[in-house]
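Heavy-atom basis, side chains included; hydrogens, waters and symmetry copies ignored. So that the names make sense, note that chain A is the first sequence line, chain B the second, and so on, each numbered from 1.
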Amino acid sequence: MLSTGTSKPSPKHPRTLFDKIWDRHEIIRNSAGQSLLFIDQHFCHELSFHAFNMLKRRNIKVRHPSRTAAIADHYTPTTGERPENFSSLDRFKLYKTLESNATDHGVEFFGLGDDRRGIIHVVGPEQGLSLPGSTIVCGDSHTATHGGVGALSFGIGASDVSHVLATQTLWQPRPKKMRIKVIGRRPPHVSAKDTILAIISKIGTSGATGHVIEYAGPVISNMSVEERLTVCNMSIEAGARAGMVAPDYTVFEWIAGRPYAPSGQKFSEAIENWQALVTDEDASFDLDVEIDGTNIAPMVSWGTSPEDTLPITGSIPDPQKEPDREKRRALAGKLEYMGLKPGSALMDTPIDCVFIGSCTNSRIQDLREAAAVARGRTAKVRTIVVPGSALIKSQAEKEGLDKIFRMAGFDWRPSAGCSMCVGVNGDLVAPEERCVSTSNRNFRGRQGPRARTHLVGPAMAAAAAVTGRLTDVRKLERL
Amino acid sequence: MEPLVKILAKAVPLKQDNLDTDQILPARFLMMPRDEKYKTYLFRDLSHDENQAIISSFILNQEKFSDARILVAGRNFGCGSSREGAVFALVDSGFRCVIAPSFGDIFYNNSFNNGLLPIILEKQHVEELQNELFLDLNPELLVDLENQIVLHKSGFKTTFDIDPHRRERLLRGLDMIGYTQQYLKETEKFEEQYFLSYPWLSIR
Ligand code: SF4
């Protein structure tokens, strides 16, 4: 085995999955305990212009252009792949800036009309660019998603992006380690999204601050790769630096044959190596949390933070019952923003629109789950469905999911992108509209000024669409 | 980057917990270039109403706290999206230091890259400090990075922890890329080994 870094851990020292990946990427460690890490894969999107400008000011070229992929996703239209589909000239210019920065530096660009294009956190794994055991960064907080294939993957800011472009490395203090075990068995109709929402509502949005999470336990290892990606995606909403799941045969099989994945002899070698990427029996974590998956129900967020989440059968909390004055005020403020009555049931709250998409829930399995509910029913409110990548779009159309959605009156968008998750491409929720969304953030103004967001999984979103209310998908009448 | 050794400046208490980067810099400003206008985007939707009129009750709009260079914030400040623009907007508005019980990880990281000092203090200390600043007619605070001390004239005094390496960079105003390029040799040697050990990662 290789020895890299200045301090190699003794082989007898039990290590976690995280330790193993970290150690093999450590170039040096300085006296302050910061490690210089080698970065295998970097992704950048339209907002990387700050970082490219920093390079330009210093007249620096990208060190390893083939280790960065430039993918347009945030500002791109969902109504088509042509320049005129952009909702403004500014946005089109931003797109062109990404293209020219990529071209200038010899970085591969996934642009409009390219069937590899889509949301970065969907495309990376889908193309086989995100591999087990690798380090992956992107100037986007949901980069943790790629941990679903067993990578160490995290979001960075613009200065760090320029640093990675210039050096293919990054200085990082070694984070703490946390394990979240989900034991038991996930009940039917409970999705990966419900699982992560339940985790966040339990540990809070700063519950994992400063930590890298390893998700483990039978509920996690029984998940498909798509589901693991969904869970890891929201690690940041729990405050974590990154989230990951030990790679196993489910992952290896999923990766096999993807365009950028290794093949032939190299793939066999890789698998042999990847199999060792598991937490050793006696390795310890700074934090260990256990959750019983058997008790998880379909979840809905009610407030303006992802921790403000309850089972659909729950009721809106009452500020009067909150003893702490500050907290009482904060809670009242949230309910006012959300337009919700204290103590009322979540179920049957009328809604205005539904968004199915985002890097959390726009993969083929998500679309299948949503379509299964939409089939034979009719949307009561405006509902848009945005596939996570061009390939997912084709796959969904091949399976006829687009027809199911259209028949149900859902607006099936032909072009992939972030869309209404953040609204910067122009797909916005109107002020005070109540949107049921499969995205990951329900912050004030996230989906548009004064927009109200309820986070849910894809089947719950479709159930809300066809009833026009917050609905328990388990209670929908069988058709 | 301007070196940061000591700051004696006005400090503004902003009590709200979980102030995320969407509120520090609303998403619609993300595509804006970093020019003179950048500072006007800071806390835009908390400081201005829909008609772009100033909300006078927002604490940063209060006369007493104008020109503040230190922010004393709530728990989990800067959580949410990784946008470094949130730090740009703070720095361009004159802030050099944020004190809070905890920070969003990425925000915390980004701060150092822009000469903004994030200080983590015990929750009760932060609250005590916020209360002093509310009462104080001239809410000045001394942050001494060299000695790792926060001092208020009421007698409030506390030390803080900081990664020594990051402290050094702030004290000297060192740029990160230049610093790392000193390690180019080590990096190249590392890569050679690495690609031999993990050949499937060397292609492309
Ligand atoms: S889909 Fe939403 S959360 Fe994901 S990268 Fe795009 S904007 Fe960010």
Side-chain angles (χ1 to χ4, degrees), chain A residues 1-2 4 24 27-28 30-34 36 38 40 46-47 50 58 60 66-67 75 90-91 94 131 133-134 139-141 155-160 162-163 166-169 171 173 205-206 209-210 239 241 260 262 266-267 269-270 273 305 326 330 422-424 441 443-446 449, chain B residues 15-18 20-23 26-28 30-31 33-34 45 50 75-76 79-88 102-107 109-110 112-114 163-168 175-181 183-184 186-187 189-191 193-194 196-201 203-204:
Chain A
M1 274 300 290
L2 91 165
T4 43
R24 60 165 71 170
I27 300 168
I28 46 165
N30 68 18
S31 53
Q34 292 241 347
L36 185 63
F38 179 70
D40 292 304
E46 294 98 314
L47 295 179
H50 285 298
R58 304 190 40 150
I60 296 177
S66 68
R67 291 184 178 271
Y75 290 83
D90 286 355
R91 293 178 171 96
L94 205 57
L131 295 176
S134 59
D140 187 280
S141 48
I156 54 178
S159 302
D160 282 343
S162 71
H163 189 276
T167 67
Q168 205 59 41
T169 67
W171 288 100
T205 48
S206 47
T209 300
R241 195 86 189 87
Y260 291 85
K266 278 196 171 137
F267 190 55
E269 272 174 50
N273 180 277
S305 165
E326 276 301 318
V422 67
V424 293
R441 286 193 172 139
F443 298 154
R444 286 167 202 248
R446 169 75 178 186
Chain B
K15 279 203 155 177
Q16 203 178 321
D17 285 341
N18 289 316
D20 56 79
T21 51
D22 273 281
Q23 295 186 66
R28 63 183 180 280
L30 284 175
M31 60 203 279
R34 192 176 175 186
D45 296 340
E50 270 144 72
R75 180 179 69 92
N76 210 16
C79 61
S81 130
S82 62
R83 64 191 65 163
E84 193 158 331
V87 179
F88 296 161
S102 60
F103 289 92
D105 276 339
I106 303 177
F107 178 90
N109 250 320
N110 288 342
F112 290 100
N113 287 327
N114 292 280
D163 172 301
H165 171 75
R166 287 174 153 163
R167 170 175 170 273
E168 193 60 28
D175 163 281
M176 209 57 221
I177 294 178
Y179 175 79
T180 305
Q181 280 172 338
Y183 296 104
L184 188 61
E186 283 89 339
T187 306
K189 228 179 82 203
F190 170 91
E191 286 174 351
Q193 262 289 344
Y194 183 82
L196 275 176
S197 307
Y198 310 110
W200 58 93
L201 286 168
I203 38 167
R204 301 213 279 270

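Between B/Pro199 and A/Glu269, the shortest heavy-atom distance links the atoms CG-OE1, 3.2 Å.
Taking the six-membered ring where the residue is Trp, B/Phe190 and A/Phe38 present tilted rings, their angle falling between 30° and 60°. Relative orientation of the B/Tyr183 and A/Trp171 rings is perpendicular, given thresholds of 30° and 60° on the angle between their planes.
Within the 4.5 Å cutoff, the side chain of A/Tyr75 has heavy atoms near those of the B/Leu30 side chain.
Each of B/Asp20, B/Asp17, B/Asn76 was compared with A/Thr205 under the side chain to side chain contact (heavy atoms under 4.5 Å, CB included) criterion, and only B/Asn76 meets it.
Taking B/Gly80, B/Pro164, B/Gly178 one by one and counting their heavy-atom pairs under 4.5 Å with chain A, the maximum is reached by B/Gly80. The candidate with the highest count of non-hydrogen atom pairs below 4.5 Å against chain A, out of B/Gln16, B/Gln181, B/Arg166, B/Arg75, is B/Arg166. Heavy-atom pairs under 4.5 Å with chain A peak, among B/His165, B/Glu50, B/Arg34, at B/His165. Ranked by heavy-atom pairs under 4.5 Å with chain B, the first of A/Ile60, A/Val422, A/Asp90 is A/Asp90. Interface remark: of the candidates A/Ala330, A/Gly139, A/Gly155, A/Ala270, A/Ala270 forms the most heavy-atom pairs closer than 4.5 Å to chain B. For the set A/Glu326, A/Gln168, A/Arg444, A/His50, the entry with the most heavy-atom pairs within less than 4.5 Å of chain B is A/His50. Counting heavy-atom pairs closer than 4.5 Å to chain A, the top residue among B/Asn113, B/Asp105, B/Asp45 is B/Asp105. Interface check for chain A: of the options B/Glu186, B/Met31, B/Lys15, B/Met176, the most heavy-atom pairs under 4.5 Å are formed by B/Met31. Counting heavy-atom pairs closer than 4.5 Å to chain B, the top-ranked of the candidates A/Glu46, A/Arg446, A/Gln34 is A/Gln34. Each of B/Thr187, B/Asn110, B/Thr180 has some count of heavy-atom pairs under 4.5 Å with chain A, and the biggest count is that of B/Thr180.
Of the two parts of B/Leu184, only the side chain, counted from C-beta on, holds a non-hydrogen atom closer than 4.5 Å to a non-hydrogen atom of chain A. A/Leu36 touches chain B through its side chain: at least one heavy atom from C-beta onward sits under 4.5 Å away, while N, CA, C and O do not. Only the backbone of B/Phe103 has a heavy atom closer than 4.5 Å to any heavy atom of chain A. Heavy atoms closer than 4.5 Å to chain B are found nowhere in A/Pro449, neither backbone nor side chain. With a 4.5 Å cut-off on non-hydrogen atoms, A/Arg241 touches chain B through its backbone and its side chain both. Heavy atoms closer than 4.5 Å to chain B are found in both the backbone and the side chain of A/Asp160.
Rounding to the nearest 0.5 Å places CD of B/Glu191 at 9.0 Å from OG1 of A/Thr169. Between the CG atom of B/Leu201 and the CG atom of A/Asp40 there is a distance of 5.0 Å, given to the nearest 0.5 Å. Rounding to the nearest 0.5 angstrom, the gap separating the CZ atom in A/Arg24 from the OH atom in B/Tyr198 is 3.5 Å.
Residues satisfying the side-chain hydrogen bond (donor to acceptor under 3.5 Å, both in side chains) criterion with B/Asp22, sequence neighbours excluded, are B/Arg83. Not counting sequence neighbours, A/Arg91 has no partner by the salt bridge (charged side-chain N to carboxylate O under 4.0 Å, His left out) test.
Side chain of B/Glu84 to main chain of A/Ser159: a donor-acceptor pair is present (N/O by atom type, distance under 3.5 Å, no hydrogens or angles).
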